[in-house]
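First the structure, in the form of structure tokens, and then the observations on it.
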Protein chains: 2
Amino acid sequence: MPEEPRRQARGQRRMEQLTDAAAVVFAEVGYAKATTNAIAKRAGVSPGTLYQFFANKEALAEALAERYRDELKAAHEKAFDLSMVDLPLPELVDRMIRPMVEVNLANPGFKALFTSGDLPDRLTAPTQALHQAVTGRVAEVLAARIPGLPPTQRDTAAAVATQIFAALLGTVVTAPAPDRDRWITELNKALVGYLSPLES
Amino acid sequence: MPEEPRRQARGQRRMEQLTDAAAVVFAEVGYAKATTNAIAKRAGVSPGTLYQFFANKEALAEALAERYRDELKAAHEKAFDLSMVDLPLPELVDRMIRPMVEVNLANPGFKALFTSGDLPDRLTAPTQALHQAVTGRVAEVLAARIPGLPPTQRDTAAAVATQIFAALLGTVVTAPAPDRDRWITELNKALVGYLSPLES
DNA sequence: GAAAAATACGAGCATTTACTCGTGTTTGTC
DNA sequence: GACAAACACGAGTAAATGCTCGTATTTTTC
């Protein structure tokens with residue numbers, strides 16, 4: 001197996017330029033129809049240069065997915081901690097939702113990646129990892145808030161909540177800016193409606 | 001523009017064989033990676049024959065989408081009518097959900113089509129038409145059940161409910177058969193949780 | 001039963017596209 | 001400054017794939 005070359009500063013920059021460009025192109029045309037040549041051109045670089053840093057198109061997408069996961073985690077850790085666990089449910093939900101929405105708004109390419117149904121197999125791994133990361137986080141919060149809840153119920157509730165979230169996230173980020181808050185409110189209502197029966 | 005030939009019985013059968021084959025192949029590999037030659041082969045037919053009946057790959061998918069819409073509508077009209085509108089909410093929701101789930105279970109290819117994120121533009125039309133058909137139906141039921149509800153609120157509620165439904169539908173049909181009822185129950189809870197505050 | 005229209009074949013064309021490779025330039029190391 | 005390693009180029013390649021077209025067969029029409 002060929003060993004990774006030791007990247008120099010220039011190389012690191014190029015890799016960032018390339019993932020940036022990929023995000024843009026993915027956002028514009030979707031993963032499947034995004035061509036590597038177009039991505040290279042967008043990054044102001046030749047096709048050959050792209051393949052100096054990424055073995056193939058999937059590797060590029062994986063790098064993007066990883067970056068996304070990191071940003072999401074960072075945003076969440078920054079904006080949310082377990083001390084909020086006893087807030088009224090609507091507020092708690094709001095605090096969990098907002099950072100996610102922000103990250104998605106700031107990174108249009110990712111949505112294109114993760115809502116795309118037929119991705120190559122390699123990509124389902126990072127996607128599912130991300131999904132599961134979110135679900136795990138939700139389960140954590142649920143456990144802290146409702147200690148008496150059986151783990152099985154807790155985990156399915158977390159999974160369902162995450163799925164509701166993912167579904168409406170699309171609408172929220174796609175919607176024109178003025179409507180966005182309205183949709184966030186609806187998302188909130190949906191989650192609160194589903195979760196509140198678990199309390200008590 | 002070239003006029004449609006008058007199909008004879010044999011041709012009608014071929015078209016069905018082809019859409020059937022397309023559904024299978026779409027289900028197996030997704031729309032993007034499904035090749036027309038593979039579909040033709042699956043239907044036991046040459047590529048040329050496929051193009052005798054469908055102008056291109058998209059036309060084939062459109063035909064599938066149309067069939068789906070019809071089946072869904074039929075299933076719904078058969079299993080549901082407005083007299084049920086005053087049932088307790090959980091039961092009402094259950095009656096709306098079941099037929100949809102059935103149709104989706106019976107037609108694996110469609111899910112592949114409609115959950116795929118980056119479809120060609122032509123296909124977004126039938127997809128959205130279908131989505132809107134469902135949303136409209138929900139809005140209808142809401143209007144009948146809660147006459148006092150302002151139309152704006154009603155429509156957004158219908159849209160959100162449909163989206164929740166679509167999101168969890170994927171989980172329901174993907175899940176192994178034994179778990180399926182559990183997920184349907186959760187879907188029901190989610191919808192009831194979201195909709196019940198609208199009553200009163 | 002003959003002309004016309006519809007159906008059927010399948011080799012192959014035209015295009016797209018992920019990726020390569022020979023060559024030249026820049027950066028780091030001693 | 002010399003040598004190697006990393007970076008960069010971009011024309012070109014090989015494979016995939018949507019689709020065509022010349023030809024042959026079956027069905028309908030009269």
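- By the 30° and 60° cut-offs, the orientation of the rings of A/Y68 relative to A/F110 is parallel.
- Heavy atoms of A/A34 sit under 4.0 angstrom from primed sugar atoms or phosphate atoms, though from no base atom.
- Here the closest heavy-atom approach between residue B/A75 and residue B/P99 is recorded as O-CB, 4.0 Å.
- Remark: B/R6 is not in phosphate contact with C/dA5, judged by side-chain N or O atoms under 4.0 Å from OP1 or OP2.
- OP1 or OP2 of D/dC7 sits under 4.0 Å from a side-chain N or O of A/R7.
- D/dT17 atom C1' lies 14 Å from atom NZ of B/K33, rounded to whole Å.
- Put simply, A/R10 has no side-chain N or O that comes within less than 4.0 Å of OP1 or OP2 on C/dG28.
- Between B/S46 and C/dC9, a side-chain N or O to OP1/OP2 separation shorter than 4.0 Å is present.
- A donor-acceptor pair shorter than 3.5 Å cannot be found between the side chains of A/E186 and B/T156.
- Counting to the nearest Å, the P atom of D/dT17 and the CG atom of B/L60 are 16 Å from each other.
- Contact annotation: B/T36 does not reach the phosphate of D/dT17 (side-chain N/O to OP1 or OP2, under 4.0 Å).
- The distance between atom CD of A/E4 and atom P of D/dC7, rounded to the nearest whole Å, is 10 Å.
- Across the protein-nucleic acid pair, B/Q52 atom CD and D/dG18 atom C1' stand 17 Å apart, rounded to whole Å.
- The nearest whole Å value for the distance from the NZ atom in B/K41 to the P atom in C/dA11 is 11 Å.
- Note: A/M96 CE to A/L87 CG = 12.0 Å, rounded to the nearest 0.5 Å.
- Between B/Y51 and D/dT20 there is no side-chain polar atom (N or O) within less than 4.0 angstrom of OP1 or OP2.
- A sub-4.0 Å separation between OP1 or OP2 of D/dC9 and a side-chain N or O of A/T49 is present.
- Each of B/A9 and B/K57 has a nearest nucleotide on DNA chain D; the 5'-most of these lies closest to B/K57.
- In this structure, the nucleotide among C/dC9, C/dG12, D/dC7 sitting nearest to the side chain of B/N37 is C/dG12.
- Atom CD in A/Q12 sits about 14 Å away from atom C1' in C/dT27, given to the nearest Å.
- Put simply, CZ on A/F53 is 19 Å from P on C/dA18, counting in whole angstrom units.
- Distance CZ (B/R14) to C1' (C/dC9): 11 Å, rounded to an integer number of Å.
- Position along DNA chain D of the nearest nucleotide to B/Q8 versus B/A38 favours B/A38 as the more 5'-ward residue.
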